[in-house]
Every structure is written in C-alpha cells, then in structure tokens.
There are 2 protein chains.
Amino acid sequence: MNTVTSYSNAKPIFVAVDNVIFGFDVAAERLKILLFKRQIEPFKGRWSLVGSFVKPEESTLSASMRILSKFTGLSDVFLEQLRCYGAVDRDPEDRVISIAYYSLIQLDEPQKKLVEVHNAAWFELQDLPNLVLDHEHMVEDALARLKENARRRPVGFNLLPAKFTLPQLFKLYQEIYQLPIDDRNFRKKILATGLLNKLGTKDKSGSKKGAFHYAFDRSKYIELEMQGYHIEFH
Amino acid sequence: MNTVTSYSNAKPIFVAVDNVIFGFDVAAERLKILLFKRQIEPFKGRWSLVGSFVKPEESTLSASMRILSKFTGLSDVFLEQLRCYGAVDRDPEDRVISIAYYSLIQLDEPQKKLVEVHNAAWFELQDLPNLVLDHEHMVEDALARLKENARRRPVGFNLLPAKFTLPQLFKLYQEIYQLPIDDRNFRKKILATGLLNKLGTKDKSGSKKGAFHYAFDRSKYIELEMQGYHIEFH
DNA sequence: TCAAAAGTGTTGGGATTACACCCATGG
DNA sequence: CCATGGGTGTAATCCCAACACTTTTGA
C-alpha cells in the first residue's frame, strides 16, 4: 500500500461483523440463537448478536469466522453472508456499518456449556430479549433467509448431528417454519432428494420402538447445494 | 458523536458502493449493463461498475442512489443490495470493502444518450469487457440474483416501459435466462399471476398485426412482491 | 397473396395433496 | 397388554409440459 493513497479524498468508516448463529437443540426440539452481553459502551451489558470490528488485515468473512470460532470453538461450519447494514445512525456512538453473517451449527450439550464462558447464552426464537442497535432486524432477516434456503437447498442438515433420525429432522423443519407439516409427505419429499442414507442403528431415546439413524450423503449434498431444488412443506 | 470514541481501538476502513445497473434494450431485445471508465488510479480508464466511496453522512443505500441518479438521472427505481465484498486484497491500492447494489431500469433512447456524458456505456451481457477489481464477480452474482428473483417476484416489469407488449416481456425473460422459453406456456403463467392489465391499444412497431399493449397492475404488483410466488420458465 | 409476427387450447402424465392405520417395544 | 411414538400407502386431484395451427395486416 502507498503511504499517500490515491483514495485520500475518501473518509474511512468503522466496519463490524455480526453473526446470527442458529443452533437446533435436539433434546428440547427448539431452534435457538446465540446471544451475548455486549462488552463495550454504548449499551454495555445488553444482549447482542456476537460480533466484532473488522481488522485491517482480515476479510469480513475472516472476521466472522474468528468470532464464530471464539464463541463456539467451531470452524468449518455453515457460514454465509446475510447482508450489509449501512444506515448512518444505526449506531449512536459513531458511524459503523455492519456486515451480518449467519451460521448453522449443532447445539449439543458441550456447546451449551462452552458459551457460558463468554457471557453468551442460547435463546429460543419465541423468547428473544430486546437486542442492541438493529440486531433484531438482522435476526428477522436471517430467519427469513433460513426459511427461504431450507426450501431450496439442503441446509437443514447443518443443524443436526452426524447421525440423526427422521423425527428429529421433521421437528427441525417444523421449528424453522413454525408450522405443522404433514409427516408422511415430509418423509416422502425428503427421502426423494436422495440426500439421506439410512443406517442400521436406532435411536431409542425418543421412544420404545426407536427411530432409525440417518446420515446425509455428502456427495449428494454438494450436488444439490449447487443445483438447488424447490420443496414446499405442507 | 464523541470526539474520543469508545471505539478507538478499532481501525476504520474505506467503504465503497458499486452498482450493477441492468437495462433492457427493447429495440435490440437485449439485456444490458451500464459500465463506465474508472476515473481514479489504480486502473484509471478501465471499465468498471459505477460506484463511489461512501461518505460519512450518507448510508450505503444513499450512496448507491446518489451514483445511480448521477449516471441515469433516475430515482425511485428498483434498487436492492446484492452483498458486501470484503476480501482484504480485492483492491491493490488500499483496504476497501464494497457493498454492491443492483438496479433494474428502463433503457430507452434518451437514457442511451444521457450516459455518454459520464464516459459510461451500455454493454450486452455476452459482450462485457474485462472489469476492474472483483467487478466481474459482482456482475455474475447480480445476474444469478436476477434469475432467482425473476421466478419468485414480479421484478421483470421494472425493466420495461409503462406500456409494453407480451412479446417484449417474453423476450426479456428469455434474455434473463438465456434460454428458449415456450411462448404459449409463458403467456399462460404470466397472465395467471393477475399482474397484467390488457390495454385497448396496440404496438405496431414489431409487426403488421401489432401486439396489444399491457400495463402491470401496481396493487397486484405490491401484493405479489410481498407474498412471492414460484414460476419455472421452460 | 404472402411474409412475418401475434395469438390461441388441449391432452396425457407426473407430481402432490389429503388422509388413517399398523408396528415395535419397554415397562 | 397397553401406551407411546415410529413408520407406512393410495386414490383423487391438480398442475404443467408438450405441442401446431390460425389470425391479422402491410407491403
């Protein structure tokens, strides 16, 4: 870089990233979002999406991954950009634009413990506290995007463990759409994608009879991630 | 704002907007994109999307509207955010992130003249020059978004004049998808949306027989813009 | 009268909805 | 043996793709 840039007429702006991290609590059958208590003024101590300023030497995506990793210990999980929030007065303290990302992760028991370290906690969608700045808007947009994506791409599997059951998958989709779905048709549609491999084992935690374990077919996943599809859940 | 901000640990970054402006040349039956010759180093004189740095006192959306208006004279047209491009090395001169927007406008004869003032020109999709930075990537993403949107929302009408004919609309969709479409099924589907009002007049510029003028129903447009639909064009 | 574009309908097949009962098991 | 959740099938309907000819009119 030049010490005297040709961009010297322009004024730089603070750039932040904020992550809408979704987790599916299989035990509770609830879709949840990770929030933490903001560490800096203004609004210190209030609930916020997990975020950070973007450093000069990292991309916005890297910044998002850094934060995701810091709070969940995870890397190599589903993480996509949502959009940029660029209103002038979105932060009363200074001019800050934020790039929102959203992420889908497995929310297991170790994960629940882990986040406590950072003053973070998992909240049900129906039970979110007031959030700082425009973060409620970000959550709303992220949820809309998740709904849209779930009917076009095999994103749901990112929220489940490697082995899962059809009843679990079914409950997840009901949570995403917050609607009752016909379970027989759901099975037909989801099996018809070819994404699921039935395993020989059963999960007996949910019933006497037990439900078969499934794993998703990674190569088929990649294929459909590219092509896309369109499934309407009723 | 405080003179000493509590964000003083963070380093601000240059923020730009870039616009992918689509216009449909009804006469040529071609979808086109507006480009201009970059005015500043580096890459001065090379073809670029129209863009600008974001000023501290304007939102990213305002910046995008400012640029759109400067080059086309238009306001109050279709303009949506595409996404943020935040790679560290996307601009070799300095750290600059860019928020890309895309816009759909009517490309009539006056418009063609107007842009020449700013060293700008309209290019067919198949005939784009090499673009600076990551602008080719932006165009690619914008086109993918347009295709996606055109099957879910009534966006196509933004590219046509107030009165248009079904053959024109049909040609537009063929341009968007760059595929041959069955014209009878296309008419059925597009008329079934209830978006079109048939006018009594005809446009005889395209044929001896003449094609009926249509206008789109604004209230139905708003309704479907909210609800969305799903049409596959074959 | 003919060239050139506009306009129009039907049918067969595939997909989707709606819907209710049997299965397996542990206690 | 029974309560609980897991798993299964079909018929009726709707939707959609495929497909070719007639109309209008200016030159």
Side-chain angles (χ1 to χ4, degrees), chain A residues 26-30 150-152 160-161 163-175 177 179-215 224 227-234, chain B residues 26-30 150-152 160-161 163-175 177 179-215 224 227-234:
Chain A
V26 177
E29 298 178 356
R30 283 281 178 278
R151 63 170 65 97
R152 295 204 328 243
L160 290 170
K163 288 182 184 181
F164 56 89
T165 68
L166 280 181
Q168 286 168 353
L169 187 63
F170 175 65
K171 304 256 176 54
L172 167 58
Y173 275 81
Q174 283 202 143
E175 269 291 291
Y177 291 108
L179 283 174
I181 300 174
D182 183 289
D183 65 333
R184 283 163 293 185
N185 292 337
F186 176 80
R187 279 166 183 266
K188 266 182 288 186
K189 287 177 189 179
I190 215 75
L191 288 172
T193 61
L195 276 163
L196 299 191
N197 292 328
K198 190 175 186 170
L199 306 178
T201 56
K202 280 191 169 188
D203 174 350
K204 297 220 170 189
S205 66
S207 70
K208 319 285 173 76
K209 185 177 178 180
F212 277 104
H213 281 129
Y214 285 80
L224 288 182
Q227 290 178 11
Y229 49 70
H230 184 88
I231 301 182
E232 216 64 55
F233 299 98
H234 294 270
Chain B
V26 177
E29 298 178 354
R30 282 282 178 277
R151 63 170 64 96
R152 296 206 326 245
L160 290 170
K163 289 181 183 181
F164 55 88
T165 68
L166 278 183
Q168 286 168 353
L169 187 63
F170 175 65
K171 304 257 177 53
L172 168 58
Y173 275 81
Q174 282 201 144
E175 269 291 291
Y177 291 108
L179 282 174
I181 300 175
D182 184 288
D183 65 333
R184 283 162 292 185
N185 292 336
F186 176 81
R187 280 165 184 267
K188 265 181 289 186
K189 287 177 190 179
I190 214 76
L191 288 172
T193 61
L195 276 164
L196 299 190
N197 292 328
K198 189 176 188 171
L199 307 177
T201 56
K202 279 193 169 188
D203 175 351
K204 297 220 168 192
S205 67
S207 70
K208 318 283 173 80
K209 185 178 180 181
F212 277 105
H213 280 129
Y214 284 81
L224 288 182
Q227 290 178 11
Y229 48 68
H230 183 89
I231 300 181
E232 215 66 54
F233 299 98
H234 296 268

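In what follows, chains are A, B, ... by sequence order, proteins preceding strands, each numbered from 1. On a predicted model such as this, the values are computed, not experimentally measured, just so you know.
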Practice task
Enter the distance from B:Arg187:CZ to B:Leu166:CG here, rounded to the nearest 0.5 Å.
Solution key: 5.0 Å
Handout entry: Separation of atom CZ in B:Phe212 from atom C1' in C:dG7, rounded to whole Å
Key = 10 Å
Practice task
Would you kindly give the CZ-to-P distance between B:Phe186 and C:dA5, to the nearest whole Å?
Solution key: 18 Å
Handout entry: Closest contact, heavy atoms only, B:Glu175 versus B:Glu29
Key = CG-O, 3.4 Å
Exercise for the section: Measure from the side-chain N and O atoms of A:Lys171 to the backbone N and O of A:Val26, and report whether any donor-acceptor pair falls under 3.5 Å. Expected result: no
Exercise for the section: Could you tell me the separation between the CZ atom of A:Phe170 and the P atom of D:dG6, rounded to a whole number of Å? Expected result: 10 Å
Completion exercise
To the nearest 0.5 Å, atom CZ of B:Phe233 lies from atom CG of B:Leu179 at 11.5 Å
With 3.5 Å as the limit, what N/O pairs link the protein to nucleotides 16-18 of chain D?
| unit_1 | atom_1 | unit_2 | atom_2 | d |
| --- | --- | --- | --- | --- |
| D:dA17 | OP1 | B:His234 | NE2 | 2.7 |
| D:dA17 | OP2 | B:Lys189 | NZ | 2.8 |
| D:dA18 | N7 | B:Asn185 | ND2 | 3.0 |
| D:dA18 | N6 | B:Asn185 | OD1 | 3.2 |
| D:dA18 | N6 | B:Lys188 | NZ | 3.0 |

Exercise for the section: Rounded off to whole Å, could you give me the CG-to-C1' distance for the A:Asp203 and C:dA24 pair? Expected result: 15 Å
Exercise for the section: Note the angle between the end axes of the helix from C:dT1-D:dA27 to C:dG27-D:dC1, five pairs defining each, rounded to 10 degrees. Expected result: 10°
Exercise for the section: For the pair B:Tyr173 and B:Phe186, name the ring-plane relationship: parallel under 30°, tilted 30 to 60°, perpendicular over 60°. Expected result: tilted
Fill in the blank from the handout: Atom OH of B:Tyr214 and atom C1' of C:dA6 are separated, to the nearest Å, by 10 Å
Sort me out a list of protein N/O and nucleotides 22-24 of chain D N/O pairs below 3.5 Å, or just none if empty.
| unit_1 | atom_1 | unit_2 | atom_2 | d |
| --- | --- | --- | --- | --- |
| D:dT23 | O2 | B:Lys209 | NZ | 3.0 |

Problem - Side chains of B:Leu199 and B:Lys163 in contact at under 4.5 Å (non-hydrogen atoms) - result: yes
Handout entry: Side chain of A:Arg187 - closest among D:dG5, D:dT8, C:dA6
Key = D:dT8
Problem - 4.5 Å side-chain heavy-atom contact, A:Ile181 and A:Gln174 - result: yes
Practice task
Take atom CD1 of A:Ile190 and atom P of D:dG7, then tell me their distance rounded to the nearest Å.
Solution key: 15 Å
Problem - Close side-chain approach of A:His230 and B:Arg152, heavy atoms under 4.5 Å - result: no
Handout entry: Side chain proximity check, B:Leu196 to B:Phe164, heavy atoms < 4.5 angstrom
Key = yes
Exercise for the section: Grab the CZ-C1' distance between A:Phe233 and C:dT17 for me, whole Å please. Expected result: 15 Å
Exercise for the section: State which of D:dG7, C:dA6, C:dG7 makes the closest approach to the side chain of B:Leu166. Expected result: C:dG7
Handout entry: Backbone of A:Arg151 reached by a side-chain donor or acceptor of A:Glu232 within 3.5 Å
Key = no
Handout entry: Distance-minimising heavy-atom pair for B:Thr193 and B:Ile190
Key = OG1-O, 2.6 Å
Practice task
Nearest whole angstrom, please: distance from the P of C:dT8 to the CG of B:Leu191.
Solution key: 8 Å
